[in-house]
Amino acid sequence: MRHFGHISPTAREGLFFREPSTFTADSPARMLSVALGATLYSPATRPSLADDVLKQAGRGVVSMVLCLEDSIDDAEVTGAEANLIRQFAALAARTTAPGTAPGGPAGAGGTPDAAGADVPLLFIRVREPAQITDLVRRLGDSVRMLSGFVLPKFTEERGRQFLEALAEAETACGRRLFAMPVLESPELLHLETRGDILQGIARSVDKYRDRVLALRLGVTDFCSAYGLRRAPDMTAYDVHIVASVIADVVNVLGRADGTGFTITGPVWEYFRRQERMFKPQLRRSPFLEGRAEELRTALIEHDLDGLLREIELDRANGLLGKTCIHPSHVAPVHALSVVSHEEYTDAQDILSPERGGGGVLRSAYTNKMNEVKPHRAWAERTLQRAEVFGVAREDVGFVDLLAAGLTN
């Protein structure tokens with residue numbers, strides 16, 4: 001699979017200076033943690049879940065979470081588990097062995113189905129550790145479609161039980177399974193316990209570093225603890241009590257010195273069915289033929305201005321990717337994840353071998369200072385993002401990328 005793989009090769013060539021790389025669920029964890037992008041959540045109760053997965057894959061989704069936790073009623077859990085088993089079997093029956101190249105061995109993730117769509121990286125959000133081993137056993141051969149589990153309300157004590165269950169399930173099924181802990185407990189929010197909780201989480205995830213793909217933030221739960229809810233014109237960073245937690249999580253768990261993890265952006269709660277309004281003009285031209293401002297205005301009018309600002313602030317604050325609860329959020333997240341030609345040029349200059357000794361240089365765009373040693377970690381992260389999301393051509397901007405992403 002690849003980002004923007006759902007658009008035509010000709011369109012990709014027109015958009016990208018360097019096209020996004022392909023990857024499968026067998027790819028290195030470092031690459032996959034960056035490639036998650038907009039991770040789309042779906043309740044595990046949906047009767048058409050297998051069809052939904054393939055439909056969203058055809059629209060550019062590369063990672064999905066099938067949820068057995070907060071998105072469904074307590075009384076629905078047993079039925080939702082049974083539905084997951086059926087839907088995974090249906091997916092497995094409709095696809096070749098995930099990750100298999102022609103003539104190659106079976107792997108995991110990213111295989112075209114009969115209609116040509118790639119199966120996304122699939123994760124199950126469980127409620128309790130015992131569900132991990134039970135579901136892996138019940139999935140049987142269709143476990144090959146599974147990339148891992150999302151672990152809710154993660155703390156040191158609770159997290160250890162989840163991660164031990166993951167290791168047991170991995171041994172039982174003989175394949176790699178990733179964990180994505182969700183940091184959302186009230187103890188993490190409360191100032192008097194935050195430091196100890198963060199240190200405990202750090203100990204837990206460090207022990208299982210090879211299996212922790214990313215850490216996810218449960219900002220809705222944070223707000224709930226104080227009876228708060230941000231308006232559509234406000235970002236998570238405007239809610240100071242939430243912003244302070246994000247900052248501390250990145251401080252302890254997101255360092256660029258090799259000890260940190262990928263931390264994904266919080267969910268955006270608002271959406272409208274704006275795609276129908278966009279479709280007619282997008283069909284006329286994938287590059288809008290000068291209609292960029294029209295699309296930009298439409299985005300603002302349809303409550304996505306706050307989402308766009310939050311995505312930018314996520315990256316400025318050390319987060320990458322985003323939890324999404326509506327398909328309309330996917331294209332903006334991916335469009336804003338593409339590395340600009342200017343960013344790429346700066347990163348290449350900073351990491352140039354002849355600059356190994358440090359120093360300061362004027363950027364190729366002659367609009368900033370690139371200081372080699374302080375900017376090195378930023379440049380390395382930028383090139384990691386460029387590998388999976390690509391580098392836009394010099395004259396291609398966000399609106400062009402968004403329009404292309406919505407045309408399918």
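Just so it is clear, the model here is predicted, and its values are computed rather than measured. Here, residue 1 is the first one in the sequence, and each next residue gets the next number.
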Kindly determine whether Val249 and Leu183 satisfy side-chain contact (heavy atoms from CB on, under 4.5 Å), including the steps that lead there.
CA-CA 9 Å; Val249 168; Leu183 311 186; 3.8 Å; yes
I need the Glu156 CD to Leu198 CG distance, nearest 0.5 Å.
11.5 Å
Main-chain N/O of Thr220 paired to Ser224 side chain as donor or acceptor, under 3.5 Å:
no
With a 6.0 Å cut-off (strictly less than), is the heavy-atom count around CZ of Phe17, excluding the residue itself, greater than 12?
no
Please check this pair: side chain of Arg309 against backbone of Thr235, looking for a donor-acceptor N/O pair closer than 3.5 Å.
no
Is the backbone N or O of Gly405 less than 3.5 Å from a side-chain atom of His6, with the two atoms forming a donor-acceptor pair by type?
yes
Does a side-chain N-to-carboxylate-O contact under 4.0 Å join Arg158 and Glu187?
no
Apply side-chain contact (heavy atoms from CB on, under 4.5 Å) to the pair Ile241 and Leu228, showing each step before the final yes or no.
CA-CA 10 Å; Ile241 196 166; Leu228 305 176; 4.0 Å; yes
Nearest atoms (heavy-atom pairs only) where Leu213 meets Ser33
O-CB, 3.1 Å
Nearest non-hydrogen partners of Asp346 and Ala364, listed with the distance
OD1-N, 4.3 Å
Give me the atom names and distance for the closest heavy-atom approach of Ala25 to Leu121.
CB-CD2, 3.4 Å
Would the distance check show the side chain of Arg175 and the main-chain N or O of Leu146 forming a donor-acceptor pair, the cut-off being under 3.5 Å?
yes
Ignoring hydrogens and geometry, is there a side-chain-to-backbone donor-acceptor pair from Asn317 to Ala247 under 3.5 Å?
no
Could you go step by step and tell me if Thr345 and His341 meet the side-chain contact (heavy atoms from CB on, under 4.5 Å) rule?
CA-CA 6 Å; Thr345 301; His341 186 269; 3.5 Å; yes
I'd like to know if the side chain of Arg209 reaches the main chain of Val205, judged simply by a donor and an acceptor atom lying under 3.5 Å from each other, with no hydrogens or angles considered.
no
Take atom CG in Asp141; do more than 12 heavy atoms of anything else shown fall under 6.0 Å from it?
no
Closest non-hydrogen atom pair between Met234 and Arg230, with its separation
O-CD, 3.8 Å
Ignoring hydrogens and geometry, is there a side-chain-to-backbone donor-acceptor pair from Glu69 to Arg127 under 3.5 Å?
no
is_close_aromatic(Phe162, Phe149), centroid dist under 6.0 Å:
no
May I ask you to test the Phe222-Val239 pair for a side-chain heavy-atom distance under 4.5 Å?
no
Does Arg385 make a cation-pi contact with Tyr344, if we ask for NZ or CZ under 6.0 Å from the ring centre and within 45° of the axis?
no
Heavy atoms, side chains only, cut-off 4.5 Å: are Pro266 and Glu310 in contact?
yes
Do the non-hydrogen side-chain atoms of Pro327 and Gln56 ever get within less than 4.5 Å of each other?
yes
Is the shortest side-chain heavy-atom distance between Met180 and Leu36 below 4.5 Å?
yes
Student check: side-chain heavy atoms of Leu84 and Leu49 closer than 4.5 Å:
yes
Give, for atom CD1 of Ile325 and atom OG of Ser42, the distance between the pair rounded to the nearest 0.5 Å.
11.5 Å
Donor-acceptor pair, side chain of Arg315 and main chain of Leu336, under 3.5 angstrom
yes
Using 30° and 60° as the class limits, which term best fits the ring planes of His3 and Phe23: parallel, tilted or perpendicular?
tilted
Kindly indicate whether the side chain of Asp70, heavy atoms from C-beta on, has any atom under 4.5 Å from the side chain of Asp221.
yes
Kindly give the heavy-atom pair with the smallest separation between Leu177 and Arg211, and that separation in Å.
O-CD, 3.2 Å
Passing candidate, side-chain contact (heavy atoms from CB on, under 4.5 Å) with Val126, options Asp134, Val150, Leu135, Leu166
Leu135
Are Asp52 and Gln87 close enough that some pair of their side-chain heavy atoms sits under 4.5 Å apart?
no
Spacing of CZ belonging to Arg144 relative to CG belonging to Leu91, to within rounding of 0.5 Å:
9.5 Å
Could you walk me through whether Lys207 and Arg203 pass side-chain contact (heavy atoms from CB on, under 4.5 Å), step by step?
CA-CA 6 Å; Lys207 182 178 178 181; Arg203 287 190 293 268; over 6 Å; no
I'd like to know if the side chain of Glu76 and the backbone of Asp73 have a donor-acceptor N/O pair within less than 3.5 Å.
yes
Point-to-point distance, once rounded to the nearest 0.5 Å, from CD of Glu387 to OG of Ser21
5.0 Å
Using 0.5 Å steps for rounding, measure from the CZ atom of Arg216 to the OH atom of Tyr41.
5.0 Å
Taking atom NZ as the centre, does Lys55 end up with more than 12 heavy-atom neighbours from other residues, nucleotides or ligands that are less than 6.0 angstrom away?
no
Atom pair CG (Leu351) and CG (Asn370), whose distance is rounded to the nearest 0.5 Å
10.0 Å
Given 3.5 Å as the limit, does a donor-acceptor pair link the side chain of Arg194 with the main chain of Leu188, or not?
yes
Within a reach of under 6.0 Å around CZ of Arg138, are more than 12 heavy atoms found that belong to other residues, nucleotides or ligands?
yes
Are side-chain heavy atoms of Leu307 and His329 found at a separation under 4.5 Å?
yes
Could you report the tightest heavy-atom contact between Ile72 and Cys67, atom names first, then the distance?
CG2-O, 3.9 Å
Asp26 versus Thr24, side-chain donor and acceptor atoms under 3.5 Å:
no
For the pair Phe271 and His326, name the ring-plane relationship: parallel under 30°, tilted 30 to 60°, perpendicular over 60°.
parallel
